[in-house]
Student: 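Quick one: the structure is below, and I'll ask about it shortly.
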Amino acid sequence: MGYADKDYVGKPVIAIINTWSDLNSCHTHFRERAQEVKRGVWEAGGFPVELPAMSLGEVYMKPTTMLYRNMLAMEPRNCCAPIRWTVQC
């Protein structure tokens with residue numbers, strides 16, 4: 001990953017689950033928001049890890065995104081087993 005052991009050993013690893021996508025106009029601000037959260041985690045002494053998640057856009061999902069929201073809610077649990085805390089953007 002490009003990180004040395006000293007970068008994360010002994011620090012809480014905080015996952016930032018980000019649903020940002022170029023194709024989802026509803027989530028355009030999430031990229032900057034995730035960077036702000038990441039900076040805050042660094043400042044608080046943690047180790048942030050950004051992970052992508054499924055991006056649901058009402059415009060592209062027919063008949064509705066409600067059919068896929070349970071999958072989106074389960075995704076962070078399945079991909080973050082060793083992670084201590086998660087922040088969802």
Side-chain angles (χ1 to χ4, degrees):
M1 284 188 4
Y3 294 107
D5 288 346
K6 65 181 171 80
D7 292 332
Y8 61 88
V9 171
K11 297 179 181 179
V13 178
I14 311 297
I16 302 165
I17 312 298
N18 192 354
T19 59
W20 173 85
S21 169
D22 275 331
L23 298 176
N24 190 347
S25 60
C26 298
H27 296 185
T28 56
H29 66 289
F30 285 174
R31 184 174 229 180
E32 290 111 26
R33 182 68 46 88
Q35 291 303 318
E36 293 167 0
V37 171
K38 192 183 288 189
R39 188 174 349 136
V41 170
W42 279 118
E43 290 173 1
F47 183 77
V49 178
E50 188 173 345
L51 302 170
M54 178 173 43
S55 185
L56 301 176
E58 288 289 343
V59 178
Y60 303 113
M61 309 295 283
K62 299 298 180 207
T64 177
T65 58
M66 292 301 289
L67 299 174
Y68 301 96
R69 290 189 184 193
N70 283 343
M71 287 174 35
L72 181 58
M74 292 186 308
E75 192 171 9
R77 280 190 302 190
N78 295 334
C79 71
C80 299
I83 304 298
R84 188 161 187 172
W85 298 99
T86 61
V87 177
Q88 226 169 327
C89 292

Student: How are the rings of Phe47 and Tyr3 set relative to one another: parallel (under 30°), tilted (30 to 60°) or perpendicular (over 60°)?
Tutor: perpendicular
Student: Could you tell me which non-hydrogen atom of Gly45 sits nearest to which non-hydrogen atom of Pro12, and how far apart they are?
Tutor: O-CD, 4.0 Å
Student: Nearest 0.5 Å please: distance from the CD atom of Glu50 over to the CG atom of Asn18.
Tutor: 4.5 Å
Student: Heavy atoms only: give me the nearest Leu51-Ala15 pair and the separation to one decimal.
Tutor: CD1-CB, 4.1 Å
Student: To the nearest 0.5 angstrom, please state how far the CG atom of Asp7 sits from the CH2 atom of Trp42.
Tutor: 5.5 Å
Student: If you apply the rule salt bridge (charged side-chain N to carboxylate O under 4.0 Å, His left out), what do you find for Glu36 with Arg33, and how did you get there?
Tutor: CA-CA 5 Å; Glu36 293 167 0; Arg33 182 68 46 88; 3.7 Å; yes
